[in-house]
Amino acid sequence: MPFKKKVKYIFVTGGVVSSLGKGITASSIGLLLKLRGYSVTIQKFDPYINVDPGTMNPFQHGEVYVTDDGAETDLDLGHYERFLDVDMSRANNTTTGQVYYEVISRERRGDFLGATVQVIPHITDEIKRRMKFLGETGKYDIIITEIGGTVGDIESLPFIEAMRQIMLEMGRKNAISIHVTLVPYISSAGEMKTKPTQHSVKNLLELGIQPNVLVCRSENKLSKDIREKIALFTNVPKDAVISAHDCNTIYEVPIVLYEQELDRIILERIKLPDINVHLDDWRVFVEKIKNPISEVRIAVCGKYVENKDAYKSISEAFIHSGAENDVRVKADFISAEDVEDKGAEKLLKNYDGLLIPGGFGERGIEGKILAIKYARENKIPFFGICLGMQCAVIEYARNVCDIKKANSAEFTKKNSFNVIHIMPEQIKVKQKGASMRLGAYPCILKKKSKALDAYKKPKISERHRHRFEVNNKFRDVLEKNGMVISGLSPDEKLVEMIEIEDHPWFVGCQFHPELKSRATNAHPLFREFIKAANEYSQRKNSN
Ligand code: GLN
């Protein structure tokens, strides 16, 4: 019989409040175990009823993170990929919606004939199947499972119950629980308070789970006394009460956890050998973030500026590419509608680069186009992503090719000057969920282009999420007027990248490069954009 290795399961739950950084904790633990040579993946279980976050408003939910295989997933998967430098897939994100969808479809097929279909065991069995699925592929030594929401929420109960059953089945050496809680500092009392953590652990105990490790989020480092007190009240050994105090950057968290030997403690609990960790590259990366040589200012001009999570991967890609260029990227999110009202020069004149991100709908479009015109004419580095590239094409058509009515079919349906039109395969699509052009597609880069200079290879693969594209009818006129089509699908039917020759760095792409930028491996287009912005800033300062 072939050797079947025992996969180890680490569950990460959260207590007290949401937004504690469970995703960063799971990613940091994953990184430390990976750097010890283990093969690790992380999966997220989200309690909401939506099948995926694809139809949610980015204001509410933040960015939709797209994987290579075209799944629209929670933004925590972005953290997992950025920290681990490993590709995630559809199997790494499950929602309550998916679980019920599956169980109800099976009920309709007659799979449960005769039975009453119930939360326990039918829903919990489907959750367990999904929790174990990646572990059964034989690819991983360790599966980290993050449970979304906060312990005590009604909607996360079936996930916690499934986790309890798995921990019982697998046994203590193979499955452990890490609970992330909050230890607030109450300034009027002048002390840190452990009570919310005690209550949160009680909550978990009521559900049948004794946490093995507590990761305590706090403003300042937890004292030995506080750790001991928490340990006493929660049955957690005191070396496993970890202080996860605020850091300058999320990328410092793995180092803070490492210094408290969290990874060693985990390995000891799950009985895996304590192989040496190689943290040097990571430390260099964190040092570069903390001690940059200079600063560049980038304007990100979009629609969802009130919720920065809507552009999470872009913000992170700036950190990665800043570190590679030894600069701090100071990104300001500017409302495209404000550019319409106040004019591009007033809002953009102090920036070293302009990025127009992806987006949907007409609001703010004219502001984005004004901003692009300003960057193009003033030779300010410009990076257009998805809708940002489409706007750059509209701007070029209007102001350089003199097609005054140039627009996108997303905004003007009956217009024979739609330089951006709907993709043919999208015309008949009625359903909104998971129906865009999604996931990784190949792209061929033009010789002697800024795109090729950045990637240093002619064939690339990037992730997409769109319904509209450059209308091929206008390719000739755009090219005749100096726009370079620098990236095409292999059949040459789809424009994937554009640029302008007579400009320090003006590049647009139909795909989302921010989704493939990794902590210690910045995306080439972001790296080059920030490099160009830094050069622009130096030129400006020397004049
Ligand atoms: N709304 C545009 C489209 O569907 C751009 C999408 C995006 O920026 N992700 O093509």
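Numbering of ligands and ligand atoms starts at 1, following listing order.
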### Distance-only polar pair, side chains of N92 and T41, donor-acceptor under 3.5 Å
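Side-chain D/A pair, N92 to T41: present.
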### Task
Mind jotting down which residue pairs meet the side chain to side chain donor-acceptor pair (under 3.5 Å) criterion with at least one end in residues 384-400? Sequence neighbours excluded, please.
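Residue pairs with at least one partner in residues 384-400: E366-R398, R376-E395, Q390-Q510, E395-N399.
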### ligand 1: protein residues within heavy-atom distance under 4.0 Å
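Residues near ligand 1: G358, G359, F360, C386, L387, Q390, E410, R465, H466, R467, F468, H512.
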#### Entry: Note: R463-E81 ion pair, threshold 4.0 Å (strictly below)
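Salt bridge present between R463 and E81.
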### Message
Does anything in residues 398-450 form a ring-ring contact (aromatic ring centres under 6.0 Å, His included)? List the pairs, not counting sequence neighbours.
### Response
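Pairs touching residues 398-450 that pass the test: Y441-H464.
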### Query
Any ring-ring contact (aromatic ring centres under 6.0 Å, His included) pairs touching residues 46-66, not counting sequence neighbours?
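Only Y48-H61, F59-Y304 qualify under ring-ring contact (aromatic ring centres under 6.0 Å, His included).
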### Message
So which atom in V296 and which in S537 form the shortest heavy-atom distance, rounded to 0.1 Å?
### Response
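Heavy-atom minimum between the residues: CG1-CB, 4.5 Å.
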